[in-house]
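Note sheet for the following structure.
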Amino acid sequence: MFQRLKNTSPELVELNLDGQPVSVPTGISVAAALLYLDAKPIRRTAVSDSPRAPYCMMGVCFDCLIEIDGQPNLQACQVNVARGMQIRRQNAAYDSEAM
Amino acid sequence: MPLSKSHYSVLVIGGGPAGMAAAKTAAKYGVDVALVDEQFQPGGQIYRNVDRSPLPDIDLPGKEYTFGKTEVLSFRQADIDYQPGASVWYLDRDRCVGVLIDGVNHRLSADKIIIAVGAQERPMPIPGWQLPGVMSAGAGQILLKSAALVPGADVVLAGSGPLLLLLAWQYIRAGVSISAILDTTTKINRIKALAHLPRALGAVDYLWKGLGLIRTIRRARIPLFSNVSQLVAEGEPKLQSISFRSGGRDHKIKTSLLLLHQGVIPSLHMAQAAGCGIGWNESQQCWIPEVDSWGQSSLPGILITGDGAGISGARAASLSGQLSGLQVAYELKQIDCKQRDRLAVTLRNAWNRHRSIRPFLDAWYRAPDSYLNPPDETMVCRCEEVFASEIRDIAKIGCIGPNQAKAFTRCGMGPCQGRLCGNTVEQIMAKSRGESVAQTGRYRARPPLKPITLGQIAGSMDPGESNQ
Amino acid sequence: MKTDFDTIIVGGGLVGAAVACGIASRGTSVAIVDGEDGDFRASRGNFGLVWVQGKGAKHAPYAQWSGNAAKLWPSFESKLRDTTGINIGFQQNGGFDFCLSEQEWQVRSEEMRSVAQHTQAVFEYSMLKHTELKQKIPQISDDVIGASFSPQDGHLNPLYLLRALHQLFVLLNGAYRPRQRVVSVQPDGDGFILRSGSTRYTAGQVVLCAGLDNQRLAKELDMDIPVHPIRGQLLITERLKPFLRYPCLQIRQTQEGTLQIGDSHEDVGLDEGTTLDVITALATRAVRIFPHLKNVKLNRAWGALRVMTADGIPIYHRSERYPGAFALSCHSGVSLAAAHEKLISGWICGDQSDLLIPEFSVDRFDVSKTQKHIA
């Protein structure tokens with residue numbers, strides 16, 4: 001869905017998305033990484049189990065909620081990628097006891 | 001240097017052009033000042049990543065963007081406690097601040113707070129806008145500036161406003177294939193806007209710039225549709241096409257990416273939750289805080305500056321920040337009244353000049369009513385999935401206002417706390433009652449202003465402690 | 001627009017709307033004249049408990065009244081659901097009030113005993129110590145000494161209750177006059193004149209259910225209704241998978257899965273703001289009771305003003321001088337809603353009224369009038 005401009009830094013960082021290793025550019029937000037990977041939808045809603053993906057990229061819409069390193073419902077646009085990060089797509093109402 | 005203590009004379013919240021300018025100015029006159037910002041480098045949205053840019057060509061987004069680089073550099077050199085990655089989740093009228101830094105909650109306080117949190121895009125609710133593949137034009141800009149990412153396949157841009165044009169211009173320069181640009185403004189807008197043209201000539205550089213953008217777009221031979229109505233995003237489970245009406249005909253365009261934009265409005269959540277007075281601006285069709293010409297809000301000790309006090313653009317934001325910086329320097333007795341007024345003269349003149357384009361832009365790009373008051377099948381509240389029809393139904397039985405509407409339908413109770421649905425609910429209810437939004441009112445804003453866990457709240461500490 | 005009615009209810013919160021539905025179902029003409037969206041609205045800040053335990057530990061009639069009201073709830077809820085189609089998330093399987101210290105346990109045990117005594121053991125309860133409590137609520141921490149439990153307690157969504165009452169009122173041909181804050185009310189012959197903005201209403205009977213504004217309006221009708229605000233701050237979290245099967249005084253899980261956390265009391269006047277101290281205390285207590293909640297995100301915190309009568313007991317008063325004027329004030333608009341809809345409306349309409357109702361007149365504040373001392 002989104003691709004890197006030509007002549008940008010080729011440096012990549014390896015993460016895990018739903019248990020699968022993926023490589024994305026360094027220094028970008030998790031939301032940007034998911035768009036780069038065309039990983040739509042990134043979650044399903046609590047009310048109607050409908051598919052969603054990032055919308056505003058600046059922390060206002062809360063549609064980019066995802067589980068990062070075991071913590072659910074984080075805004076992917078507010079967190080930068082890091083090596084070895086475990087990202088899991090989720091549904092909105094999570095099991096608080098399982099954490 | 002990051003935060004080193006829990007009380008400052010001045011705390012600036014927000015690291016965009018206004019916040020940086022306010023902090024720099026206050027520091028210049030000897031004020032003890034800290035600035036907290038949720039991002040990891042200064043610049044706000046407009047100058048996002050400007051001094052840590054991944055772009056191969058830093059000038060790609062345009063000269064206004066690169067101007068931000070000098071602002072950020074001088075900010076970094078100033079004598080300010082600058083704390084990036086700091087999320088202010090609580091602010092009250094007593095200037096008690098709760099800020100989350102690296103997962104740890106800290107309590108701060110200040111004699112003066114300057115709120116410089118900027119703006120957000122005005123929501124553009126259309127049927128299907130919640131589909132994966134529909135994003136805002138601002139999102140496109142953020143992806144460009146912060147990640148050097150551009151659409152891989154075709155993209156459609158739709159809406160109105162200078163930012164939409166700017167994005168189109170940036171995409172053209174980057175070689176992105178734009179399938180179409182859909183302009184939702186109406187002819188009537190344009191005629192009314194011309195009344196503001198004489199004043200706008202005070203900022204003729206903006207007009208030239210705008211014309212320049214338009215020229216580039218026309219030369220690129222991108223299909224342009226005007227007076228676009230009944231725009232719908234379609235597809236399952238993600239965006240596959242859009243349909244709309246223009247030039248008396250129905251149209252359909254296949255696309256997997258739609259970027260929407262219809263202007264920018266102040267981010268009021270923090271100011272409103274703290275208790276600052278706000279008022280409805282009919283010509284801008286948005287709420288703005290009640291502030292005087294220095295940014296002083298209705299609450300003592302709290303100032304609001306930059307686009308968060310009223311949309312005027314990055315240059316005006318920087319000037320407004322400087323004026324607020326002078327004001328706190330004066331209130332804290334670092335400069336006297338005469339000095340403040342003398343220093344303010346050129347700032348005010350420049351500020352007024354930069355703002356003189358606004359009435360024209362506001363009128364020219366005014367969002368049409370059908371995009372403020374969308375069709376029944378539009379999902380007004382994306383978080384709780386409440387449709388326009390439901391709001392209209394309860395308005396019909398006499399629901400007393402947006403807060404009661406929220407109570408009755410859950411609209412506005414999700415994580416975004418009304419940032420994306422509030423404006424629409426107000427417009428729907430005002431229209432159903434035949435009154436202005438000013439009379440209808442607005443959702444009540446409350447903390448937390450940003451996400452925070454119960455555990456983080458329970459385990460709060462002073463900044464000094466965690467840095468050991 | 002019709003402005004003359006048999007009965008006008010001033011205030012469309014949980015108390016006014018419930019009573020209005022009861023009166024409207026009798027076929028007389030009724031109007032609710034309601035204020036503005038931004039007014040103090042205790043009903044929108046309510047926690048949502050249908051609560052019996054602890055009520056009236058020092059006031060036997062209140063203990064009985066609360067118990068009776070709770071018993072009326074199931075049939076009232078069916079009626080609401082059948083007529084409006086709205087599910088208010090009503091559950092009445094009992095509720096807990098945690099004790100986090102031995103002292104709390106002692107005080108609570110005594111309160112429960114007192115209420116049981118006042119109601120001749122109609123009020124049922126049990127005191128559960130930690131081990132027994134953990135069988136019902138496995139997620140509690142070791143800090144929880146125990147809890148009091150009453151099978152008559154329950155909870156619901158107070159906002160949906162308000163919506164359902166408004167909808168039912170309209171279905172019963174009640175007239176709803178929103179955004180018409182009543183500025184003055186005066187006696188006029190056998191009836192009353194009410195003024196709001198530029199509109200003049202007339203009614204044979206007027207029922208004041210205007211929350212904190214009742215004191216002002218009541219004075220004009222020769223009634224002294226002592227109410228004052230007591231602020232409560234509340235927290236609500238993001239949605240979670242269900243884990244808490246019973247409402248507790250300090251915390252309950254809503255039908256949407258969010259957790260509501262509360263129970264604070266402050267005397268700060270007409271201030272619906274929040275404070276960092278109380279938010280911190282509420283979050284700390286919640287995590288202390290349920291440690292697994294530490295990573296759960298806060299969605300919203302707010303303050304709301306309880307309509308507190310001078311002794312905390314409801315006021316149901318009829319003016320002596322103007323017998324068509326009534327004033328109703330309480331802080332338990334949810335718990336008592338079924339009783340308000342059925343029994344209070346009956347009293348206002350001149351039915352054979354419940355024997356307990358006179359106990360709640362403001363005569364109890366006038367020493368010269370009380371016939372017996374209520375301990």
Side-chain angles (χ1 to χ4, degrees), chain A residues 1-11 24-65 68-69 71-75 77-81 89 92-93 96 99, chain B residues 38-40 45 48-49 52 54-57 60 85 87 103 120-121 123 129-136 138-144 146-153 155 174-176 236-239 256-257 260 267 269 379 382-386 410 414-417 419-420 450-451 453:
Chain A
M1 193 180 169
F2 280 85
Q3 65 190 17
R4 285 277 267 188
L5 284 171
K6 287 199 278 289
N7 301 323
T8 47
S9 160
E11 210 184 315
V24 300
T26 55
I28 67 175
S29 69
V30 173
L34 292 166
L35 292 168
Y36 171 81
L37 296 167
D38 203 9
K40 290 182 297 203
I42 69 154
R43 73 178 186 101
R44 303 197 74 91
T45 63
V47 176
S48 70
D49 200 41
S50 297
R52 294 289 172 93
Y55 175 80
C56 78
M57 293 300 296
M58 59 179 275
V60 172
C61 75
F62 287 82
D63 257 327
C64 62
L65 300 176
I68 299 175
D69 290 338
Q71 176 77 9
N73 271 1
L74 293 178
Q75 290 170 291
C77 67
Q78 302 292 85
V79 180
N80 276 358
V81 295
R89 284 180 275 203
S96 52
M99 293 161 51
Chain B
E38 64 181 356
Q39 292 189 62
F40 292 95
Q45 299 305 335
R48 193 146 170 168
N49 277 77
R52 298 270 191 277
L55 296 171
D57 172 15
L60 179 77
S87 204
Q120 63 168 75
E121 282 174 279
W129 72 314
Q130 71 277 12
L131 286 168
V134 181
M135 300 178 73
S136 68
Q141 286 211 316
I142 288 169
L143 284 162
L144 174 68
S146 67
L149 289 174
V150 293
V155 57
V176 172
E236 177 72 46
K238 47 195 183 181
L239 178 70
S256 61
L257 183 61
L260 298 172
S267 282
H269 217 71
M379 186 184 285
R382 297 164 62 109
C383 297
E384 294 291 324
E385 304 184 53
V386 181
R410 289 196 59 84
C416 99
Q417 289 289 293
R419 287 171 174 89
L420 289 194
K450 295 281 168 181
T453 67

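Computed from a predicted structure; not experimentally measured.
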Revision key, fill the gap. Under 4.5 Å to a heavy atom of chain B? For A:P51 that would be both
Study note, to complete from the structure: Here the pair of heavy atoms bringing A:M57 nearest to B:I142 is O-CD1, 3.7 Å
Study note, to complete from the structure: Tightest non-hydrogen contact, residues B:P56 and A:K6, listed as CG-O, 3.2 Å
Practice item. Kindly compute the distance separating CE (A:M1) from NZ (B:K238), expressed to the nearest 0.5 Å. Key: 8.5 Å
Exercise for review: First locate atom CZ of A:F62, then atom CZ of B:R419, and finally report the distance between them rounded to the nearest 0.5 Å.
Suggested key: 5.5 Å
Point to revise | Pair listing, side-chain hydrogen bond (donor to acceptor under 3.5 Å, both in side chains) test, anchored in residues 50-64 of chain A, at least two apart | key: A:R43-A:D63, A:S48-A:S50, A:R52-A:D63, A:D63-B:R382
**Study point:** Interchain contact, B:E38 with chain A, by part (heavy-atom threshold 4.5 Å)
**Key:** side chain
Point to revise | A:Q78, part contacting chain B, at a heavy-atom distance under 4.5 Å | key: both
Revision key, fill the gap. If you tally heavy-atom pairs under 4.5 Å between each of B:E121, B:Q45, B:H269 and chain A, the highest tally belongs to B:Q45
Point to revise | Exercise: identify the closest heavy-atom pair between A:A32 and B:A147 | key: CB-CB, 4.1 Å
Practice item. Check each atom of A:I42 against the heavy atoms of chain B and say whether the ones under 4.5 Å are side chain, backbone, both or neither. Key: neither
Point to revise | Closest-packed option against chain B by number of heavy-atom pairs under 4.5 Å, given A:S9, A:P41, A:C61 | key: A:C61
Exercise for review: Give the minimum heavy-atom separation between A:I28 and B:S146, together with the two atoms involved.
Suggested key: CG2-O, 4.2 Å
Review point. At what distance, to the nearest 0.5 angstrom, does CD of A:Q75 lie from OG of B:S87?
Key: 8.0 Å
Practice item. Answer whether the closest heavy-atom distance between the side chains of A:R4 and B:L149 falls below 4.5 Å. Key: yes
Point to revise | Beyond-backbone contact of A:F2 with B:L257, side-chain heavy atoms, under 4.5 angstrom | key: yes
Exercise for review: With rounding to the nearest 0.5 Å, note down the distance linking OG in A:S29 to CG in B:L143.
Suggested key: 7.0 Å
Check your understanding: Side chains of B:P54 and A:T8: does their closest heavy-atom pair fall under 4.5 Å?
Key -> no
Review point. Considering only heavy atoms, which portion of B:P451 lies under 4.5 Å from any heavy atom of chain A: side chain, backbone, both, or neither?
Key: side chain
**Study point:** side chain to side chain contact (heavy atoms under 4.5 Å, CB included) evaluation trace for A:V47 with B:R410
**Key:** CA-CA 11 Å; A:V47 176; B:R410 289 196 59 84; over 6 Å; no
Review point. So how far is it from A:T45 OG1 to B:Q130 CD, rounded to the nearest 0.5 Å?
Key: 9.5 Å
Study note, to complete from the structure: Ranking A:A33, A:P54, A:A31 by heavy-atom pairs under 4.5 Å to chain B gives rank one to A:P54
Check your understanding: Closest approach of A:Q71 and B:T453, non-hydrogen atoms and distance?
Key -> NE2-CG2, 3.9 Å
Point to revise | Nearest atoms (heavy-atom pairs only) where B:P132 meets A:A53 | key: CB-CB, 3.7 Å
Review point. Given B:L144 and A:L5, is the side chain to side chain contact (heavy atoms under 4.5 Å, CB included) satisfied, shown in steps?
Key: CA-CA 9 Å; B:L144 174 68; A:L5 284 171; 4.0 Å; yes
